[in-house]
Amino acid sequence: MSKKNKPARVKARLPRGFVDRNAADLCAVNEMTAKISDVFERYGFDAIETPMFEYTDALGKFLPDADRPNEGVFSLTDDDDQWMSLRYDLTAPLARHVAENINEIHLPYRTYRAGYVFRNEKPGPGRFRQFMQMDADSVGAPGVQADAEMCMMLADVMEAVGIKRGDYVVRVNNRKVLDGVMEAIGLGGDENAGRRLTVLRAIDKLDRLGIDGVQQLLGKGRKDDSGDITKGAELNDEQIERLLANFQMKTQQNSMVNTIMKYHADEGELEGLTEEEVELLWHGAYAAGTMALLQGESEVDEIPGLRELVDIWTLIEAAGYNDGRIRIDPSCVRGLEYYTGPVYECELTFPVTNEKGEEVVFGSVAGGGRYDGLVERFTGQKVPATGFSIGVSRLMTALKNLDKLEQSKAVAPVLVTIMDHDRIGDYMLLTKKLRDGLNPRDENGDYLGPPIPVEMYQGNPKKFGNQLKYADRRGCPIAIIQGSDEFAAGEVQIKDLIEGARLAANIEDNETWRESRSAQVSVPAADMVATVKAMLKKEGAGN
RNA sequence: GCAGCUGUAGCUCAGUCGGUUAGAGCGCCUGAUUGUGGAUCAGGAGGUCGGUGGUUCAAUUCCUCCCAGCUGUACCA
């Protein structure tokens, strides 16, 4: 065929931001989700599942001005011209599910779900356009005890998947207090909504950009490594200073506690708090958040949300989770607008090394909060709810990079090779006998042990060498060989490929190598299963 | 979206100060070996040099625009 007539071939390419997963990946994901589900179920959460597609309006992702969905969601029109979208999180579909079944559902409704979500945005290292989340939510649970429970369960989940105590922290905050702080520095009112959001986002970047970066973002703006400039919130120096005071607590702890105690005495607003409680509060660093209010010029009548935060902390303390597993932290803001009160997220605190061997700040692997308004969008009635999402894919990468993930490598099969092409049927029978023998069952038909895979070579059997090559590359521990000689004698050759590879290291001449038929024994067909079993045991594959 | 960098074989990358037939390593295929993996040796397949337009006698090389990828940044429900 001439070059000109060469047909245009389709280029095989994975859409960017998506990944293929191999057996080992799937195995690891299944193991991890099983561990997480286990914790959820022990807390009394039931599994449910909602579809990957939803009507776009139910997800709340229509653009306000145009009659089309937000670009961040993968969307298409149904055959009746309705916009549909792939879900971008598991919370919006839950709200839809609750609203639609509100009459059948008994509140409080405690559920969890796992599934892939999709976001049509630029992928980056560790960021994909399809990834797995696991959510747990308490719907119809108005009290802070529900929020406290969520934080504790989050901590339990981390330990269940193998992250040691001290290697993670659940940080808690309350949006109402943040709002108060911003009001105190003159960012109240609807006209400042945009700037408040900018401020929140800047604070959210504290762990990544550091205090200097946040300072720049709050003021004139920040220039990144590529020379690009990010616009800032244009706050003045005093406002910035008072905001940042919240986060530079280590140096100011004492004065902070004093301030709070003084406030306590003067106003009686924090009545019921002991000094110890205030210190705990401080340790959680929230006290700092009040400073801006306390030092503000306007009279402060109340500190919204602070009582809630203290109550959460009290519950956490009562349950014994105040040992560093859970902390109160003023820089925990969560970008989302729909949160109405307590917010929380879980961060890994150990250094994570990426593929290039660089140490990176991994950031949060789970987050959530209280969203009292989400179901109301559908039904008009307020249904208080709180819950969180775990980024399963992210959590997995973190564990993988750390080698904390035990590699549950899929066991490679024992390979039955084909020597005589006209006796395929015999080889199939041989394969079945071996498979049954290695995978015994009890009287109920249940398997007694983990699977020990056995397969017959399915490629082109013309060249026998290729069959062993295949076995070698698959990592097969054992190959079964039965030519006409063995068949006539009622025997099979059993070749230990692992031992053979070991012996090969000392042989340079191919002639010798082939003739030695290393690590290979001939046994009566009746002894095949027992011999293979013994060999597998010796090589530590299977059991 | 904004900014910077990069596009040459399946992969990793050389190279051409603009000049005849564009290279290497690895991988792949065939054979030495129709009944034995690795190593070795011999041979082979595989390229619109990301695309378009321009400058030129001549462009993979220089210039324009476009596309894609990477990195940072923004957005992230």
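To find a chain, count down the sequence lines: A is the first, B the second, and so on, and within it residues start at 1. Atom set for the values below is all heavy atoms of this structure, side chains included, hydrogens, waters and symmetry mates excluded.
- Stacking of A:Arg119 on the aromatic ring of A:Tyr88 is not recorded, the 6.0 Å distance cut-off and the 45° axial limit not both being met.
- Distance check on atom P: B:U20 versus B:G25 gives 22 Å, rounded to whole Å.
- Atom name P, nucleotides B:C63 and B:A24: the rounded distance is 29 Å, in whole Å.
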Inset, instruction - If a protein heavy atom is under 4.0 Å from the base, mark B; if only from the sugar-phosphate, S; if neither, -; do that for nucleotides 30-35 of chain B going 5' to 3'. - result: -S-B-B
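- Between A:Phe74 and A:Phe18, the ring planes lie tilted relative to each other; the angle falls in the 30° to 60° range.
- Listed by chain and residue number, nothing satisfies the salt bridge (charged side-chain N to carboxylate O under 4.0 Å, His left out) test with A:Glu486 (two or more places apart in sequence, or in another chain).
- Comparing B:U30 with B:A45, their P atoms sit 15 Å apart, to the nearest whole Å.
- Here the separation of B:G72 from B:A9, taken at their C1' atoms, is 31 Å to the nearest Å.
- Look at CG on A:Leu197: it is 11 Å from C1' on B:C75, rounded to the nearest Å.
- The local environment of CD in A:Glu49 is sparse, with at most 12 non-hydrogen atoms from other residues, nucleotides or ligands closer than 6.0 Å.
- Between A:Thr56 and A:Ser85, the side chains place a donor N or O and an acceptor N or O closer than 3.5 Å (distance only, hydrogens not considered).
- For A:Glu491, there are no salt bridge (charged side-chain N to carboxylate O under 4.0 Å, His left out) partners two or more places apart in sequence or in a different chain.
- In this entry the distance linking CG of A:Leu90 with P of B:C76 reads 19 Å, nearest Å.
- One interatomic measurement links the two molecules: OH of A:Tyr470 to C1' of B:G38, which rounds to 19 Å at whole-angstrom precision.
- In this entry the distance linking CZ of A:Arg119 with C1' of B:C75 reads 12 Å, nearest Å.
- Where pairing requires Watson-Crick or G-U contacts shorter than 3.5 Å, the helical stems of RNA chain B with at least three consecutive pairs are B:1-7 with B:67-73, B:10-13 with B:23-26, B:28-32 with B:40-44.
- Between the CG atom of A:Asp496 and the P atom of B:G38 there is a distance of 17 Å, rounded to whole Å.
- Of the candidate nucleotides B:A74, B:C76, B:G72, B:C76 has the atom nearest to the side chain of A:Arg127.
- Among B:C76, B:U73, B:G37, the nucleotide with an atom closest to any side-chain atom of A:Lys122 is B:U73.
- If you take atom P in B:C13 and the same atom in B:U71, they sit 14 Å apart, rounded to whole Å.
- Closest to the side chain of A:Thr230, out of B:G72, B:C76, B:A74, is B:A74.
- The ring pair (Phe, Tyr, Trp, His ring centres under 6.0 Å) analysis of residues 459-481 of chain A, with sequence neighbours excluded, yields the pairs A:Tyr457-A:Tyr470.
- Checked options A:Met419, A:Arg423, A:Gln493; the residue passing with A:Gln482 is A:Arg423 (criterion: side chain to side chain contact (heavy atoms under 4.5 Å, CB included)).
- Around the CG atom of A:Asp190, the shell of radius 6.0 Å holds no more than 12 heavy atoms that belong to other residues, nucleotides or ligands.
- Neither OP1 nor OP2 of B:C75 sits under 4.0 Å from any side-chain N or O of A:Lys231.
- Partners of A:Arg474 under the salt bridge (charged side-chain N to carboxylate O under 4.0 Å, His left out) rule, at least two apart in sequence or in another chain, are A:Glu455.
- Considering only heavy atoms from C-beta on, A:Ile105 comes within 4.5 Å of A:His97 through its side chain.
- Taking atom P in both B:C28 and B:G10, the straight-line distance is 15 Å, to the nearest Å.
- Taking atom CD of residue A:Glu121 and atom P of nucleotide B:U73, one finds them 15 Å apart after rounding to whole Å.
- Nucleotide B:A3 holds its P atom 17 Å from the CZ atom of A:Arg222, rounded to whole Å.
- On the P atoms, B:A58 is 16 Å away from B:U21, given to the nearest whole Å.
- Atom name P, nucleotides B:U48 and B:G23: the rounded distance is 16 Å, in whole Å.
- Taking 4.0 angstrom as the limit, A:Arg473 places a side-chain polar atom (N or O) nearer than this to OP1 or OP2 of B:C28.
- Atom pair A:Tyr457:OH and B:G37:C1' shows a separation of 12 Å (rounding to whole Å applied).
- A sub-4.0 Å separation between OP1 or OP2 of B:A74 and a side-chain N or O of A:Arg201 is absent.
- When distances are taken from the side chain of A:Leu217 to each of B:G37, B:G38, B:A74, the shortest belongs to B:A74.
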